[in-house]
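Notes for the one structure printed next.
All chains are named by letter (A, B, ...) in the order of the sequence lines, taking the proteins before the strands, and each is independently numbered beginning at 1. Any value given below was found using the heavy atoms of this structure, including those in side chains, with hydrogens, waters and symmetry copies removed.
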There are 2 protein chains.
Amino acid sequence: MHRKTPLKIIGSNAERTRLHNRKVVLGHLRSHGKLGRAELARLTGLSTQAMSNIIAELESEALILAGERQTKGRGLPAVQYTLNPAGAVALGVEVRPNAILCALVNFLGDTLYTKRIHIESSEPAVVLPTVKAACDEALSSIGKNAPPVLGAGIVMPGPFGRVGLTGAGKAELVGWDDKDPQVLFEDVLQVPVRVENDATAAAIAEQTTGSATDLQSFCFVYFGTGLGLGVISNGEILRGAFGNAGELGHVVVERGGRLCSCGNRGCLETYTSRMAASEFLQKRGKSAESQKDLSDLLAVNDPDLDEWICEAADPLAQAIGTLENLFDPEAVILGGAMPPELLERLIAKLNLIDATVSVRADRTLPRVVRGASGWMTAALGAAALIIHDTYIPSISKVA
Amino acid sequence: MHRKTPLKIIGSNAERTRLHNRKVVLGHLRSHGKLGRAELARLTGLSTQAMSNIIAELESEALILAGERQTKGRGLPAVQYTLNPAGAVALGVEVRPNAILCALVNFLGDTLYTKRIHIESSEPAVVLPTVKAACDEALSSIGKNAPPVLGAGIVMPGPFGRVGLTGAGKAELVGWDDKDPQVLFEDVLQVPVRVENDATAAAIAEQTTGSATDLQSFCFVYFGTGLGLGVISNGEILRGAFGNAGELGHVVVERGGRLCSCGNRGCLETYTSRMAASEFLQKRGKSAESQKDLSDLLAVNDPDLDEWICEAADPLAQAIGTLENLFDPEAVILGGAMPPELLERLIAKLNLIDATVSVRADRTLPRVVRGASGWMTAALGAAALIIHDTYIPSISKVA
DNA sequence: CTTGAATGCTCAACTCAATTGAATTAAATC
DNA sequence: GATTTAATTCAATTGAGTTGAGCATTCAAG
């Protein structure tokens, strides 16, 4: 994941075809809710017979459930199939310098279990066993005859690899520099593991269970320690050559602006981020370290906080314009570790640029939307990523 | 292409598998130059027998050529196969308000023929027959028993659809607003047609025959009428939800900066673009309408042009930093309708930001590279896009 | 109320494109 | 020269999808 892998393009055979088709079917069931065999056959371009076989297999594995027959005009009513929420589970873990957040989700991405564990050290020797124990506990929480575990998603602070940008990142996690987390975690957990950054995971969470369930292309602005960005473009996750795409916090919005910890001036993060907010409020003698603090200030309509919001809105609006022009998304979503009401106010104050490719006559969605995120977003997103992998084939898209 | 199509994910069967595998083989032959059957089998994860069959088919269609056996250690030396340059051709067309550029390329993307045709009007009624005639002439230029025509790539100015941003775009092409160019051109030309914007086409040209042949992820900054951006990320073209991704010209680099034709202030295009250069030089009483003018000024080391370059470099450097942080590319390439020497000087003057995810210890390439582009880049890129489609499966990538 | 068209679905036979395993050829090494 | 290694082919097999006939169920027309 850190390293550039010269992506290997492989051929297909009957077996891989079957795997692909299974994913395609699960994907359609997810996005449509419920469907009959014949309709699935039409959607996928496969024969009804092939669909029958695939459905039979998925049903025997309890990944899908047969529902009532449903009448739609003439003809034999089709048996409606749906994803079985209890058909499988996935683990999600967020590793922070001082804590591990662990989540378990069902086959729809719904939360089954969450837990936060404080850690004294972020070395692999501490983190790995703690994560293992947390995952075991999460799995045992759902009782004895548990459904299959599809895998575990791990969220770690980026950027990956030794890059110029180290202000706030993996540097905070000691002892991981020359390790490959994917291998380490797979070793310990004994399930397939995927490692992603927080913003991407949050974006996937948003697409799986949040406010982007119908979107194929969107940008997710993630308020974490810094300011991250997860981009989904035409259904695909944008990672970049080294897995470091989406470093929104250090996009310059004001030439020669405020000095940032990265050494540059005018990074968006210095204006619009949790850090920026807490620094601003600290100067006014107020504490805003936690989300709770911010919520409290918000509740009493604190004028200083309002002032910060106004100040933060302009740089953000400019950055959103940039995202729109560069990525042409269906919408930009704001989420992460900020009180929802604060995000709402921030959105309300946004003075968006009028001339971007996203200003279109036929828009149905607002250009900027608040994400449906909570404090566990990244860990839940990591788990959702695993679910996501089971119904997104890396294959044959036709417009 | 303008409209958002809720991308349809389809299943696979034996036939589609074969098509996919053919593409995979062609893709590997393209990137490796020459390969034997056994090695191809290993690369693709297919059996040698399957590879033999695929190779036989491709050879019978003259898409590939058998070369000498080549000894590599023990064992029977493998017959080396290469793409047959003369195995197929593709058309590329750039439609501008006052001209049509037509190109024909061979199966490797090498130029076989180019032509520029002046047009009085850019209405469909004029453009379509002109393009048809130009393509016919291009094809007849290569003689009687011509290889199969894979298709035609068409480059038209974006943005697509009616968007807020109409400063310089399709608006210039009259009578196309409510038409679907893809359908119109396919009707007239009777070959598969793809429509793209200039920057994306140029990026593909760069990847096919230019300086990005080894790159899987890069950003191509295209100096055209305005300033465009083509993004290839992990081998895939980034289009955005409505095909308008990459509108780099209207990314704001200076808050409250120069007034742009789009109505905003501080767009990159107002500092760094052909238009910006010619306006700057006009104020100094010099004409720089054409590339030739610029080349001439450059040849005599014109101080005003030098001054413009210095002035243009800073905003561009900032934008490049943004691209690096958002897309995490292997490199940023500068190209398009600018004299190569000017691009070189511009690159030399760039004061790149030190803290982006692209600043890495293990870099081998420079962060910014000059593209190997000429005046036909977009049309050639359009043709290259068709070639590209024949060896890039939209399928199964494994890291 | 009956009958026929439309639609969902299954059965059985078939086909396509892969895989598997044995045989063949040619070079490198012993 | 004999042996090992590797590329390739031949022949048989297999996995997964397709095709076409037939049955079930519903709607709609007569």
Side-chain angles (χ1 to χ4, degrees), chain A residues 9-26 28-29 32 34-61 64 66-82 393 395-396, chain B residues 9-26 28-29 32 34-61 64 66-82 393 395-396:
Chain A
I9 297 178
I10 63 172
S12 184
N13 56 22
E15 190 186 336
R16 299 199 260 256
T17 295
R18 171 66 78 127
L19 279 173
H20 168 74
N21 288 349
R22 281 172 57 113
K23 290 192 180 196
V24 171
V25 171
L26 292 174
H28 278 105
L29 282 178
H32 289 82
K34 54 176 167 172
L35 291 167
R37 293 185 235 269
E39 188 157 15
L40 273 167
R42 281 189 298 268
L43 286 169
T44 56
L46 296 176
S47 63
T48 56
Q49 183 56 57
M51 194 48 60
S52 264
N53 297 338
I54 296 167
I55 292 284
E57 188 179 288
L58 292 173
E59 196 178 1
S60 80
E61 294 174 30
I64 61 175
E68 299 287 288
R69 294 196 108 98
Q70 189 164 305
T71 303
K72 282 180 191 156
R74 279 191 189 185
L76 177 67
V79 177
Q80 300 300 113
Y81 285 90
T82 52
I395 183 176
S396 308
Chain B
I9 297 178
I10 64 172
S12 182
N13 56 21
E15 190 187 337
R16 298 198 259 254
T17 293
R18 171 65 78 123
L19 279 172
H20 168 74
N21 288 348
R22 280 172 57 111
K23 290 193 181 196
V24 171
V25 170
L26 291 174
H28 277 106
L29 283 179
H32 289 83
K34 54 177 167 169
L35 290 168
R37 298 197 228 298
E39 188 157 15
L40 274 166
R42 280 189 297 267
L43 287 170
T44 57
L46 296 176
S47 64
T48 56
Q49 184 56 57
M51 194 48 59
S52 265
N53 297 337
I54 296 166
I55 291 285
E57 189 180 289
L58 291 172
E59 195 178 2
S60 80
E61 293 175 32
I64 61 173
E68 300 287 288
R69 293 197 109 99
Q70 190 166 305
T71 302
K72 284 179 190 154
R74 284 191 186 185
L76 201 167
V79 177
Q80 299 300 113
Y81 285 90
T82 52
I395 182 175
S396 309

I54(A) CD1 to dT10(C) P, straight-line distance once rounded to whole Å: 13 Å

What's the closest nucleotide to the R18(B) side chain, out of dA17(C), dA26(C), dG8(C)? dA17(C)

Here the distance between atom P of dG8(C) and atom NZ of K34(A), to the nearest Å, is 15 Å

Just by distance, do the side chain of R37(B) and the backbone of T48(B) share a donor-acceptor pair under 3.5 Å? no

Out of dT8(D), dA26(C), dT19(C), which nucleotide sits closest to the side chain of R37(B)? dT8(D)

Both G75(A) and E15(A) contact DNA chain D. Taking the nearest nucleotide for each, which residue is further toward the 5' end? E15(A)

Taking only the side-chain heavy atoms of N13(A) (C-beta and beyond), determine which of dT10(C), dT19(C), dA7(D) contains the nearest atom. dT19(C)

Could you tell me whether R22(B) contacts a base, only the sugar-phosphate backbone, or nothing, with contacts defined as non-hydrogen atoms closer than 4.0 Å? nothing

note: I55(B), atom CD1; dA7(D), atom C1'; distance rounded to Å ~ 13 Å

Grab the CD-P distance between E57(A) and dG15(D) for me, whole Å please. 12 Å

Nucleotide dT19(C), atom C1' - distance to CG of N21(B) in whole Å: 13 Å

R74(A) has a side chain; which of dT26(D), dA7(D), dT19(C) sits nearest to it? dT26(D)

Atom-to-atom span, NE2 of H20(A) to C1' of dA18(C) - whole angstrom: 16 Å

When R69(A) and N53(B) are each assigned the nearest nucleotide of DNA chain C, the 5'-most assignment goes to R69(A)

Counting only side-chain heavy atoms from C-beta out, which of dG8(C), dT8(D), dT29(C) sits nearest to A78(B)? dT8(D)

Are L40(A) and L29(A) side-chain neighbours, meaning at least one heavy-atom pair lies under 4.5 Å? yes

Suppose we call a contact any N or O donor and acceptor under 3.5 Å apart; does that hold for the side chain of Q49(A) and the base of dC9(C)? no

Using the side-chain heavy atoms of T17(B), tell me which of these nucleotides is nearest: dT10(C), dA17(C), dT25(D). dA17(C)

Integer-rounded Å distance: dT4(D) P and L76(B) CG: 18 Å

Around E15(A), counting heavy atoms of other residues, nucleotides and ligands shown, do more than 12 lie under 6.0 Å from its CD? no

Picking from dT9(D), dC16(C), dT8(D), which would you name as closest to the side chain of A14(B)? dC16(C)

Comparing R16(A) and E39(A) on DNA chain C - which has the more 5′ nearest nucleotide: E39(A)

Looking only at the side chain of T48(A) (C-beta and beyond, no hydrogens), which of the listed nucleotides dA26(C), dT10(C), dT19(C) gets closest? dT10(C)

Keeping H20(A) on the side-chain end and I10(B) on the backbone end, is there a donor-acceptor pair under 3.5 Å? yes

Any donor and acceptor pair, going by atom type alone, linking the side chain of R22(B) with main-chain N or O of L58(B) inside 3.5 Å? no

Give the nucleotide from the list dT19(C), dA16(D), dA18(C) with an atom nearest to the side chain of S47(B). dT19(C)

V79(B) has a side chain; which of dG15(D), dT25(D), dT8(D) sits nearest to it? dT8(D)

Over how many whole Å does the gap from L46(A) atom CG to dT10(C) atom P extend? 15 Å

Please classify the nucleic acid contact of A38(A) as base, sugar-phosphate, or nothing, using heavy-atom distances under 4.0 Å. sugar-phosphate

More than 12 heavy atoms of other groups within 6.0 Å of E61(B) CD: yes

